[in-house]
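One structure is given below, encoded as structure tokens.
Counting begins at 1 with the first residue of the sequence. The structure presented is a predicted model; accordingly, all values stated were derived computationally and were not measured.
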Amino acid sequence: MKRTTRHDHTAPQTGLGAGPPGASPQRGVTATVLVALRWNRGAVAGATARVVGLAGLVGLVLTGAIFALAWPLFTHMRNERIRYQQLEDPYLHDPTDLALLALCTLPLFLLLLGVGSAALQRVCSRAVAAANGADAAEGEAEEAEEARRPRTGGRAPWRPVLAVYALRGLVVWLLPLLVHAVADSLTGYHLDTPEPLERGSWPHALVTASPVVAVGVALLLRLGLTLAPAAAAAGLGPRAALRRSWSLTWTRGGLARVLALALPLAALTAGVLRLTVQLALPLRPLVRELVEQVTGNFFAAYYAGILAPVIVGILVTAALTLPLTYTAFAALHEQLRPARVLPRPAGETADSAP
């Protein structure tokens, strides 16, 4: 009897390019990524261009809005600089208020990042599914399962992936933030004497070191939830995707494979970002001069010049590395997840005893 596997299929009708004929079910992650990006390069490239382009446009609008909100601060800095020049004293401006304003608007940029990442992850996961091929019966089973799920009325298909990003962020970074706040309230240098904990005592040392421990725990949580967006893009709900990622990662071979994929991709992303920012540094004096000529404010031009190469570097890095990263994690999720058990056809009955 011929034995079939989960990957011994024909390509589904997903709107992406079909997988190569005669594709081997034993392909590794690297081969799957190469095949997926090759056979669906048009869909992936188009989605990447749309996501990065729209994210860059919206990000520029948000940055402009932040500069508009911060304009009274820039005006105050300019006036103080003029006053100090008249007194012939050096003026060192305090960027604390600007940092607080930027921190308050950070959730908007995180939301923008999450929406773009969710949309691109879904496209990359579909490319992997098309490269692997999906059995017709499996596709029908998925459609039947989807039909049994409660409808939410036109919900965007990337919303479960976005919900996974939000939940993962809360699970991973809530603990370090809380621990840092508590540690700072007990051991911070801003405290007046007598301090709650005596410096040099072992409770003071433990509380001071607690944020480092919390960050280590957060990194372990983040590692265990690495495959959650790919699982959500494959059709799972947010909480089920988190559970799936955790169960797949913390296995005998899962952790090593996730690390073997995540570390080179992280190094590649960091290297590309550093290179692109360095190549975009000539934009800094050009943007600074242009903004100062238009606004007459040196400090607004100064910060705009600082941000310009960083923004260009982030957008270029996203366009170059995110499709590869999301496709690789989708392929690894497909490799690690257990094979599905297809339901019996309605008319099929069990073999009767002789």
Side-chain angles (χ1 to χ4, degrees), residues 7 9-20 23 27 29-59 110-134 138-139 142-143 146 152 154-168 225-238 240-241 244-245 261-262 265 268-269 272 314-337:
H7 298 301
H9 320 302
T10 56
Q13 300 300 323
T14 60
L16 298 169
R27 279 199 307 263
V29 173
T30 303
T32 302
V33 171
L34 294 177
V35 171
L37 293 180
R38 177 187 175 190
W39 284 82
N40 303 283
R41 55 185 178 272
V44 174
T48 302
R50 291 191 297 272
V51 168
V52 174
L54 289 175
L57 181 61
V58 175
L110 293 178
L111 176 62
L112 177 62
L113 176 63
V115 171
S117 298
L120 192 55
Q121 177 68 73
R122 181 170 173 81
V123 173
C124 294
S125 295
R126 292 175 62 196
V128 170
N132 284 332
E138 183 177 346
E142 288 180 352
E143 291 177 1
E146 182 68 23
T152 56
R155 185 180 66 178
W158 44 262
R159 280 193 179 180
V161 188
L162 177 61
V164 163
Y165 280 115
L167 286 176
R168 188 175 69 177
L225 302 178
T226 298
L227 300 177
L236 293 180
R244 166 75 66 82
S245 176
L261 188 62
L265 289 174
L268 174 65
T269 303
V272 173
I314 290 175
L315 293 177
V316 174
T317 302
L320 294 178
T321 62
L322 288 188
L324 175 63
T325 300
Y326 293 159
T327 305
F329 283 127
L332 181 59
H333 172 260
E334 291 293 319
Q335 291 282 330
L336 293 178
R337 73 173 181 172

Practice problem: Could you tell me the separation between the CZ atom of Phe329 and the CG atom of Leu261, rounded to the nearest 0.5 Å? | Solution: 5.0 Å

Exercise. Quick one: closest heavy-atom pair of Glu334 and Ala234, and the distance?
Key: OE2-CB, 4.5 Å

Quiz item: Taking all atoms of both residues into account, what is the closest heavy-atom pair of Pro160 and Pro238, and its distance?
Solution: O-CG, 4.0 Å

Quiz item: Which value, rounded to the nearest 0.5 Å, describes the distance between Cys124 atom SG and Asn40 atom CG?
Solution: 9.5 Å

Self-check item: Gap separating the OG1 atom of Thr269 from the CG atom of Leu265, nearest 0.5 angstrom
Solution: 6.5 Å

Self-check item: Val51 to Ala119 - nearest heavy-atom pair and separation
Solution: CG2-CB, 4.2 Å

Exercise. Identify the two heavy atoms, one from Ala233 and one from Ser125, that lie closest to each other, and give their separation to 0.1 Å.
Key: CB-OG, 3.3 Å

Exercise. State the CG-OH distance between Leu113 and Tyr165, to the nearest 0.5 angstrom.
Key: 8.0 Å

Quiz item: With Ala240, which residues qualify under side chain to side chain contact (heavy atoms under 4.5 Å, CB included), at least two apart?
Solution: Leu236, Arg243

Quiz item: Are the side chain of Arg41 and the backbone N or O of Arg38 linked by a donor-acceptor pair below 3.5 Å?
Solution: yes

Exercise. Compare every heavy atom of Val164 with every heavy atom of Ala241, then report the nearest pair and how far apart it is.
Key: CB-CG2, 3.9 Å

Quiz prompt | Qualifying residue, where the test is side-chain contact (heavy atoms from CB on, under 4.5 Å) with Pro229 and the options are His333, Arg168, Arg122 | solution = Arg168

When the side chains of residues 318-328 are checked against the rest of the protein, which donor-acceptor pairs come out under 3.5 Å, sequence neighbours left out?
| from | atom 1 | to | atom 2 | distance (Å) |
| --- | --- | --- | --- | --- |
| Thr321 | OG1 | Thr317 | O | 2.6 |
| Thr325 | OG1 | Thr321 | O | 2.9 |
| Tyr326 | OH | Ser117 | OG | 3.0 |
| Thr327 | OG1 | Pro323 | O | 2.6 |

Practice problem: Quick one: closest heavy-atom pair of Leu162 and Gly114, and the distance? | Solution: CD1-C, 3.4 Å

Self-check item: Sequence-distant partners of Ala331, side chain to side chain contact (heavy atoms under 4.5 Å, CB included), two or more places apart
Solution: Val29, Thr32, Val33, Val128

